[in-house]
Number of protein chains: 2
Amino acid sequence: MSPGHSEGTDCPSTKVEETQACELRDLLDRLADKWSLLVVELLGERTHRFTELRRAIDDISQRMLTLTLRRLERDGLVHRTVHPVVPPRVDYELTPLGAALLDAVGPLVTWSRRHPGEIARARAAYDEQVA
Amino acid sequence: MSPGHSEGTDCPSTKVEETQACELRDLLDRLADKWSLLVVELLGERTHRFTELRRAIDDISQRMLTLTLRRLERDGLVHRTVHPVVPPRVDYELTPLGAALLDAVGPLVTWSRRHPGEIARARAAYDEQVA
DNA sequence: CAGCATCCTCCGCGATACTG
DNA sequence: CAGTATCGCGGAGGATGCTG
């Protein structure tokens with residue numbers, strides 16, 4: 001893989017000590033890319049195989065699914081099990097850490113369900129006003 | 001899939017109905033960029049002026065702060081008050097919606113504080129094994 | 001089936017300069 | 001002070017092709 005490690009642990013000059021933004025930003029950076037959270041949620045339901053995930057998400061490219069899973073694995077959120085059979089079979093599941101994280105995301109999920117389209121509506125209103 | 005506009009409301013072909021991923025992804029897309037959450041957290045403490053935010057975050061570019069605030073405003077999370085004085089003064093504060101959202105993020109913040117560096121450690125372990 | 005490698009495009013974002 | 005306008009690069013990520 002490319003050596004472009006821009007590991008977020010550096011925690012730059014943001015002076016927001018009170019909010020301890022560093023940890024949080026790392027976390028967000030991990031979850032906030034286009035697919036990670038989706039994958040974590042699916043794995044929260046049950047173990048999935050590679051292709052299952054691929055089909056469940058459907059418009060994810062194979063490359064991005066691989067990358068996403070590798071990153072999640074690397075960060076200790078997802079566990080990867082290779083079954084030495086032919087054809088190959090690989091299972092992905094949440095680690096305890098991953099499950100805990102998913103729990104922490106729960107309220108956010110709930111919130112988004114409770115406020116369906118509120119952001120979208122505000123957006124539409126704003127746009128209309130501008131137009 | 002048509003790239004079209006970046007408006008998330010289209011909620012494409014992701015078949016993850018159970019997780020209602022669309023809303024959530026919209027939400028994440030809004031929060032997950034480099035600065036939004038940081039801004040929302042600061043505004044959660046109190047109202048800030050433009051330059052206050054700029055100094056609090058410090059390594060945000062002026063352009064990105066403007067863009068971030070505009071997007072948050074557009075999405076109904078932040079309210080912008082222009083005081084017609086010289087020199088100009090603009091205050092930013094959370095809307096009720098924004099405050100509610102911040103609450104929903106709370107557990108995530110707490111979690112990240114409770115697991116300091118756990119992800120970073122897993123990452124280091126993983127990298128060592130690979131190397 | 002579950003990947004890795006390569007190429008290429010698009011746009012996020014920083015740097016810089018100008019304004020009411 | 002609080003923006004807007006323009007330029008340019010770097011990296012995220014899609015498409016495609018090859019492998020064990």
Side-chain angles (χ1 to χ4, degrees), chain A residues 1-8 12-14 25 28-39 43 47-74 78-93 130, chain B residues 1-8 12-14 25 28-39 43 47-74 78-93 130:
Chain A
M1 73 177 74
S2 68
H5 337 73
S6 54
E7 309 320 335
S13 36
T14 30
R25 279 233 38 77
L28 273 223
D29 284 345
R30 164 66 27 258
L31 254 48
D33 56 51
K34 211 169 172 186
W35 309 111
S36 291
L37 184 62
L38 233 41
V39 171
L43 295 183
T47 297
H48 281 71
R49 308 181 47 171
F50 186 87
T51 307
E52 284 178 335
L53 289 171
R54 185 147 167 51
R55 269 195 282 260
I57 305 189
D58 163 5
D59 55 349
I60 193 176
S61 71
Q62 184 198 46
R63 177 188 132 91
M64 281 319 294
L65 181 53
T66 304
L67 282 179
T68 300
L69 287 169
R70 279 300 174 284
R71 287 196 279 241
L72 291 173
E73 187 195 359
R74 186 165 99 108
V78 159
H79 183 66
R80 180 168 176 267
T81 311
V82 183
H83 297 94
V85 296
V86 214
R89 173 193 182 113
V90 180
D91 285 339
Y92 291 92
E93 60 187 329
V130 173
Chain B
M1 156 175 72
S2 69
H5 289 340
S6 48
E7 308 317 335
S13 36
T14 29
R25 280 232 38 74
L28 272 224
D29 284 343
R30 164 66 26 258
L31 254 50
D33 56 53
K34 208 170 174 187
W35 308 110
S36 291
L37 183 64
L38 232 40
V39 170
L43 295 183
T47 297
H48 281 72
R49 307 182 46 173
F50 186 87
T51 307
E52 284 179 334
L53 289 171
R54 186 149 167 48
R55 269 195 282 261
I57 304 188
D58 162 9
D59 56 349
I60 193 175
S61 72
Q62 186 197 40
R63 177 176 182 272
M64 281 320 293
L65 182 53
T66 303
L67 283 178
T68 301
L69 287 169
R70 282 297 176 283
R71 288 195 278 240
L72 291 173
E73 188 195 358
R74 186 164 99 106
V78 159
H79 183 67
R80 180 169 176 265
T81 310
V82 183
H83 297 94
V85 296
V86 218
R89 175 193 179 111
V90 181
D91 285 338
Y92 291 92
E93 60 189 327
V130 173

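So that the names make sense, note that chain A is the first sequence line, chain B the second, and so on, each numbered from 1. The figures here come from the full heavy-atom set of this structure, side chains too, leaving out hydrogens, waters and symmetry mates.
- The side chain of B:Pro88 sits closest to D:dA2 out of C:dC4, C:dC13, D:dA2.
- Of the candidates D:dG3, C:dG3, D:dA2, D:dA2 carries the atom nearest the B:Arg89 side chain, counting heavy atoms from C-beta on.
- Considering only heavy atoms from C-beta on, B:Leu53 stays 4.5 Å or farther from B:Trp35 through its side chain.
- Summarising the geometry, the separation between CD on B:Glu52 and P on D:dG3 is reported as 13 Å, rounded to the nearest angstrom.
- The separation between B:Asp33 atom CG and C:dG14 atom C1' is 15 Å, rounded to whole Å.
- Expressed to the nearest 0.5 Å, how far CZ of B:Arg30 lies from OG1 of B:Thr68 amounts to 8.5 Å.
- Close to D:dA2, at under 4.0 Å from its OP1 or OP2, lies a side-chain N or O of B:Thr51.
- In this structure, A:Arg63 atom CZ and D:dG11 atom P are separated by 13 Å, rounded to whole Å.
- Rounded to an integer number of Å, the gap from NZ of A:Lys34 to P of D:dA12 is 14 Å.
- Contact check, B:Arg80 against D:dG3: a side-chain N or O comes under 4.0 Å of OP1 or OP2.
- Here D:dT4 is the nucleotide among D:dG13, D:dT4, D:dA2 with the atom lying nearest to any side-chain atom of B:Thr66.
- Taking only side-chain atoms of B:Phe50, from C-beta outward, the nucleotide of C:dG14, D:dG3, C:dA2 with the closest atom is D:dG3.
- Out of D:dG13, D:dC1, C:dA2, the shortest distance to the side chain of B:Arg49 is found at D:dC1.
- Between the C1' atom of D:dG13 and the CD1 atom of A:Ile57 lies a distance of 15 Å, rounded to the nearest Å.
- Distances shown here put a side-chain N or O of B:Trp35 below 4.0 Å from the OP1 or OP2 atom of C:dG14.
- The side chain of B:Gln62 sits closest to D:dA2 out of D:dA2, C:dA2, D:dG13.
- In this structure, B:Tyr92 does not reach the D:dC1 phosphate: none of its side-chain N or O atoms is under 4.0 Å from OP1 or OP2.
- Atom CZ in B:Arg30 sits roughly 11 Å away from atom P in C:dG12 (whole-Å rounding).
- When each of A:Asp91 and B:Leu67 is assigned the nucleotide of DNA chain C with its nearest heavy atom, A:Asp91 is the one assigned upstream, toward the 5' end.
- With rounding to the nearest 0.5 Å, the separation of CZ in A:Phe50 from CD in A:Gln62 is 5.0 Å.
- The nucleotide whose nearest atom lies closest to any side-chain atom of B:Val90 is, among C:dG3, D:dA2, D:dT4, D:dA2.
- Expressed to the nearest 0.5 Å, how far CD1 of B:Ile60 lies from CG of B:Leu69 amounts to 7.5 Å.
- Taking OG1 of A:Thr47 as the start and CG of A:Asp91 as the end, the distance is 6.0 Å to the nearest 0.5 Å.
- Comparing D:dG3, C:dG3, C:dC1 against the side chain of B:Arg70 picks out D:dG3 as the nearest.
- As rounded to whole Å, 11 Å separates atom P of C:dC4 from atom CG of A:Leu65.
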